[in-house]
Amino acid sequence: MESFVVHEGLVAPMDRANVDTDLIMPKQFLKSIRRSGFGPNLFDDLRYLDEGVPDADNSNRPINPDFPLNFPRYQGASILLTRENFGCGSSREHAPWALVDYGFRAIIAPSFADIFRSNCFKNGLLPIALDSSVVDQLFAALYENEGFSLSIDLERQVVAGSGFDRIAFEVDAFRKDCLLRGLDDIDITLQSEAAIRRFEAKHKELFPWVFDKVSI
Amino acid sequence: MGQTLYDKLWASHLVEEREDGTALIYIDRQLLHEVTSPQAFEGLRLAGRQPWRISANVAVPDHNVSTVAAERSQGLAGVQDDVSRIQLQTLDDNCADFGIPEIPLDDIRQGIVHVMGPEQGATLPGMTIVCGDSHTSTHGALGALAHGIGTSEVEHVLATGCLIQRKMQNFRITVEGDLNPGVTAKDIALAIIGRIGTAGGTGCAIEFAGSAITGLSMEGRMTLCNMAIEAGARAGLVAVDDITLNYVRGTPWAPTGEQWEKAENYWGTLRSDADAVFDREIAVPAKEIVPQVTWGTSPEMVVGVDGRVPTLDEMPSETAQSGLQRALEYMGLEPGMLITDIRPDVIFIGSCTNSRIEDIRAAAAVLKGRQIASSIKQALVVPGSGVVKAQAEAEGLHQIFIDAGMEWREPGCSMCLAMNADKLEPGQRCASTSNRNFEGRQGAGGRTHLVSPAMAAAAAVAGHFVAVEHLEEAV
């Protein structure tokens, strides 16, 4: 996983609440057996005027000129600013894969859905929850100032930018450490292999039926 | 202090807890399907890892399968779309390579992973259960701790047998009293989501309790826990009782003999202690719940069938107002219009929420001897598994649907998420027994109204939404 220490980047808006993972990554693209290449189909239904199909060339498709991510001023954005309960719905990790593949490194919102937030951390994408009043101020600043960018310091847990001095944010200590060092969860867990084996042996004594292999 | 059901399940699977509050939780069962597993298997391969414990896993294809009998009879060769066929083939190949038991596409036990699991006894009370699908919360109906997870976590569970978690909050929702006529588990779920919102359960395991819940069948409890994720909660739970034990007894993979005795004794303890303390509690009196219909693009945008689409001045905030405006525009509805004036074009009875035998029976009971309205362009009934299909056919229910003018299909996820060919055309309006009414969920530009199976059947007959008890007057 790519580490996340300090990131400075252009901010783009997704100004609505309850953005679900179907909207972030529509179902037809979930047929892929790969982990990459989802960026061109991020927000596909909103971004293009026609219906997207998997494995197609997206470069000649008609662009929706009213969708902010298509505005010239937001090209190259790497921080997404959005509203509450971002990422609700399906557990599809294709949603964070698409956001990362598009070029986002962080998402700022008043709140995130649980499974989506967990999926973000596993892909080097930092979800930052800020008070909705602060998010309102960030939206106002973003709309007012072309080229509005923010810098995020994960070590110090602060967001800063023009007109915003130091906005502190909370982050799970374990997730923070993994992101800072770009650590893989599986390697960390396997450091506890002996503890898992011990637990498993005891668990098997208590609940032997759990360990029967199903017969197909 | 007493423990909640969630506390007990957590404690009995806690491998280790770190100082920062994260914990390793042992996973008893992982269910796998074709959509969220290929990248996880690929990750194992790239790292040269083997599954931690083969017997933890069961796989079944469901999301991407055809529901057309003529295509299904040819197995994988009958899958028309190349990309879908490759994904299904990849599941078969991965299961064969790693030795993971898989129920094949042509097996009678094949079905939606959350229907197959409890039906086969692959998921049992007291287990920790994960699957790369948010509706894994369904299995909490058995008194199990069941979460949806992402693909990286699927790989993590495959490789380590564990999941990294933080303990969730305990949230109890109590529904006491007798249910009103026509009110089902689906209506209870939607009414709760309407009250607490789609983020109302974020960070929580929701335990459903009260006489209206304990009075539900296992099928009903599964519908309710299935929808816990639509309230933002990763896990839903119902305590184990005789209804649970009677359901589990006799499922093919349930323990037998001495093991059953031992298991049954343990499962009987899977309930919150009387003095357990919950972080949050709400009560929703059963008498306040009527049959529900969603009108918007989020499951929380819901109202009773006797109600109206809301108006802008009823919205509490600017974000909510713009949300309402966008939803109504997408849905092609007017503020303040009667729910009974909404006319669906398509009927979908199916999904991991409502495709079990009780759901099929409820829809058939409404449709018996009736015809669907001429304005209905397509009406699909998609049983949740081959076992449900066979049972329904043994009861003659399929003939009721066919006689009414509906299509009786092969099992799969189908039009709930429209990954296969079963999808809405842009602008089409669907009365659906599924779980999500998001924009484009059932097909780009499609409009979804979530209802119970009986309400979907009534809408099919009347050509508009109507309470089942008023159906006679409506046709």
Side-chain angles (χ1 to χ4, degrees), chain A residues 15-18 20 22-23 26-28 30-35 45 51-52 54-55 83-85 88-94 96 111-116 118-119 122-123 172-175 177 185-186 188-190 192-193 195-196 199-200 203 206-216, chain B residues 15-16 18 20 22 24 26 28 35-36 38-39 54-55 58 64 83-84 86-87 90 101-103 122 124 126-127 132-134 148-153 155-156 159-162 164 166 198-199 202-203 232 234 253 255 259 263 266 298 319 322-323 326 417-419 436 438-441 444:
Chain A
D15 196 353
R16 57 160 106 180
N18 298 315
D20 58 76
D22 273 80
L23 202 63
K27 82 281 284 157
Q28 63 268 38
L30 272 54
K31 294 178 184 182
S32 170
I33 57 171
R34 298 188 309 266
R35 201 183 266 261
D45 290 354
E51 194 176 340
D55 285 341
R83 301 287 182 182
E84 56 262 32
N85 200 28
C88 61
S90 160
S91 64
R92 58 188 69 170
E93 199 163 318
H94 311 68
S111 60
F112 296 89
D114 282 340
I115 303 176
F116 175 80
S118 156
N119 285 340
K122 290 168 181 9
N123 290 282
D172 183 294
F174 174 72
R175 290 291 156 214
D177 188 47
D185 274 6
I186 296 176
I188 299 171
T189 298
L190 287 176
S192 300
E193 183 169 349
I196 302 172
F199 177 90
E200 193 169 49
H203 200 60
L206 290 169
F207 314 113
W209 57 88
V210 166
F211 292 80
D212 294 339
K213 186 174 173 181
V214 300
S215 49
I216 302 283
Chain B
V15 176
E16 61 180 25
R18 301 189 175 108
D20 61 16
T22 55
L24 273 186
Y26 189 80
D28 295 323
V35 177
T36 56
Q39 298 86 349
I54 294 286
S55 68
V58 185
N64 209 348
V83 192
S84 298
I86 290 167
Q87 192 171 57
T90 303
E102 181 194 9
I103 297 175
L124 295 168
M127 278 183 166
D133 188 287
S134 60
I149 57 176
T151 297
S152 293
E153 289 175 317
E155 184 183 339
H156 188 278
T160 70
C162 293
I164 301 172
R166 291 183 84 87
T198 51
T202 302
R234 252 180 139 164
W253 295 328
Q259 294 258 339
Y266 167 59
S298 165
T319 308
S322 70
R326 186 165 39 236
L417 86 165
M419 267 193 83
R436 290 187 176 134
F438 300 155
E439 287 181 27
R441 171 77 179 183

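Residue numbering restarts at 1 for every chain, and letters A, B, ... go by the order of the sequence lines.
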*What is the minimum heavy-atom distance between B/Q259 and A/W209, and which atoms define it?*
OE1-N, 3.4 Å
_Is B/T198 close to chain A through its backbone or its side chain, or both, or neither, when contacts mean heavy atoms under 4.5 Å?_
both
*Given a strict heavy-atom distance threshold of 4.5 Å, which part of B/E102 is in contact with chain A: side chain, backbone, both, or neither?*
backbone
_Among the listed options B/G323, B/P255, B/G232, the residue most often paired with chain A at heavy-atom distances under 4.5 Å_ = B/P255
_Residue B/I149 versus chain A: region with a heavy atom under 4.5 Å_ = backbone
*Part of A/Q28 lying under 4.5 Å from any heavy atom of chain B*: neither
*asked:* Ignoring hydrogens and geometry beyond distance, is a side-chain donor-acceptor pair present between B/S152 and A/D185 at under 3.5 Å?
replied: no
*Output, in order, the C-alpha distance, side-chain angles, deciding distance and verdict of side chain to side chain contact (heavy atoms under 4.5 Å, CB included) for A/I188 and B/R18.*
CA-CA 12 Å; A/I188 299 171; B/R18 301 189 175 108; 3.8 Å; yes
*Please walk me through it: do A/I115 and B/R234 pass side chain to side chain contact (heavy atoms under 4.5 Å, CB included)?*
CA-CA 7 Å; A/I115 303 176; B/R234 252 180 139 164; 3.3 Å; yes
*Is the shortest side-chain N to carboxylate O distance from B/R166 to A/D172 below 4.0 Å?*
yes
*Please name the pair of heavy atoms, one in B/A444 and one in A/E51, separated by the smallest distance, quoted to 0.1 Å.*
CB-CD, 3.8 Å
_Quick check on B/L24 against chain A: is it the side chain, the backbone, both or neither that has a heavy atom closer than 4.5 Å?_
side chain
_Could you report the tightest heavy-atom contact between A/S91 and B/G132, atom names first, then the distance?_
OG-C, 3.5 Å
*Starting at NZ of A/K31, measure out to OG1 of B/T90 and round the result to the nearest 0.5 Å.*
13.5 Å
*chain B heavy atoms under 4.5 Å from A/F112: which part of the residue, side chain, backbone, both or neither?*
backbone
*Which one, A/V214, A/L190, A/L206, A/L30, leads in non-hydrogen pairs under 4.5 Å with chain B?*
A/V214
*Segment of B/T151 engaging chain A (4.5 angstrom heavy-atom cut-off)*: both
*Just give me the residue among A/A173, A/S118, A/G89, A/P54 that pairs up with chain B most often, heavy atom to heavy atom, under 4.5 Å.*
A/G89
*Where on B/R436 is there a heavy atom nearer than 4.5 Å to chain A: the side chain, the backbone, both, or neither?*
side chain
*asked:* Less than 4.5 Å to any heavy atom of chain A: does that hold for the side chain of B/N64, its backbone, both, or neither?
replied: side chain
*Just wondering, do A/F174 and B/I164 contact through their side chains at under 4.5 Å, heavy atoms?*
yes
*Which bit of A/S111 is near chain B, if near means a heavy-atom gap under 4.5 Å: side chain, backbone, both or neither?*
neither
*Is chain A contacted by the side chain of B/V35, its backbone, both, or neither, given a heavy-atom distance below 4.5 Å?*
both
*Applying salt bridge (Lys or Arg N to Asp or Glu O under 4.0 Å), name anything that partners A/K27, two or more places apart in sequence or on another chain.*
none
*What residue in A/R83, A/E200, A/R92 has the most heavy-atom pairs under 4.5 Å with chain B?*
A/E200
*Do side-chain atoms of A/D114 reach the backbone of B/T202 as a donor and acceptor pair under 3.5 angstrom?*
no
_What's the separation between atom CD1 in A/I186 and atom CD in B/E153, rounded to the nearest 0.5 Å?_
10.5 Å
*Flag the one option from B/G203, B/S298, B/A263 with the top tally of heavy-atom pairs under 4.5 Å to chain A.*
B/A263
*asked:* Could you go through B/E155 and A/K122, starting from their C-alpha distance and side-chain angles, then the distance that decides it, and tell me whether this counts as salt bridge (charged side-chain N to carboxylate O under 4.0 Å, His left out)?
replied: CA-CA 11 Å; B/E155 184 183 339; A/K122 290 168 181 9; over 6 Å; no
*Given the options B/T319, B/T36, B/L417, which has more heavy-atom pairs under 4.5 Å with chain A than any of the others?*
B/L417
*By a 4.5 Å heavy-atom criterion (distance strictly below it), what part of A/P208 contacts chain B: side chain, backbone, both, or neither?*
both
*Could you give the distance from CG (A/D20) to CZ (B/F438), rounded to the nearest 0.5 Å?*
4.0 Å
*So what's closer than 4.5 Å to chain B heavy atoms on A/I33: side chain, backbone, both or neither?*
both
_Given heavy-atom pairs under 4.5 angstrom as the criterion, report whether the side chain, backbone, both or neither of A/D15 touches chain B._
backbone
*Would you mind telling me which of B/S322, B/A159, B/G126, B/P38 has the largest number of heavy-atom pairs within less than 4.5 Å of chain A?*
B/P38
*Please look at A/R34 and chain B and tell me whether the side chain, the backbone, both or neither of the residue comes under 4.5 angstrom of a heavy atom of that chain.*
backbone
*Which answer fits A/S90, side chain, backbone, both or neither, if we ask what part of it has an atom under 4.5 Å from a heavy atom of chain B?*
both
*Below 4.5 Å from any heavy atom of chain A, which atoms of B/Y266 appear? Answer side chain, backbone, both or neither.*
side chain
*Check: A/D45 and B/E439 side chains under 4.5 Å, non-hydrogen atoms*: no
*What part of B/L124 is in contact with chain A, defined as an atom under 4.5 angstrom from a non-hydrogen atom: side chain, backbone, both or neither?*
side chain
*asked:* Quick check on B/E16 against chain A: is it the side chain, the backbone, both or neither that has a heavy atom closer than 4.5 Å?
replied: side chain
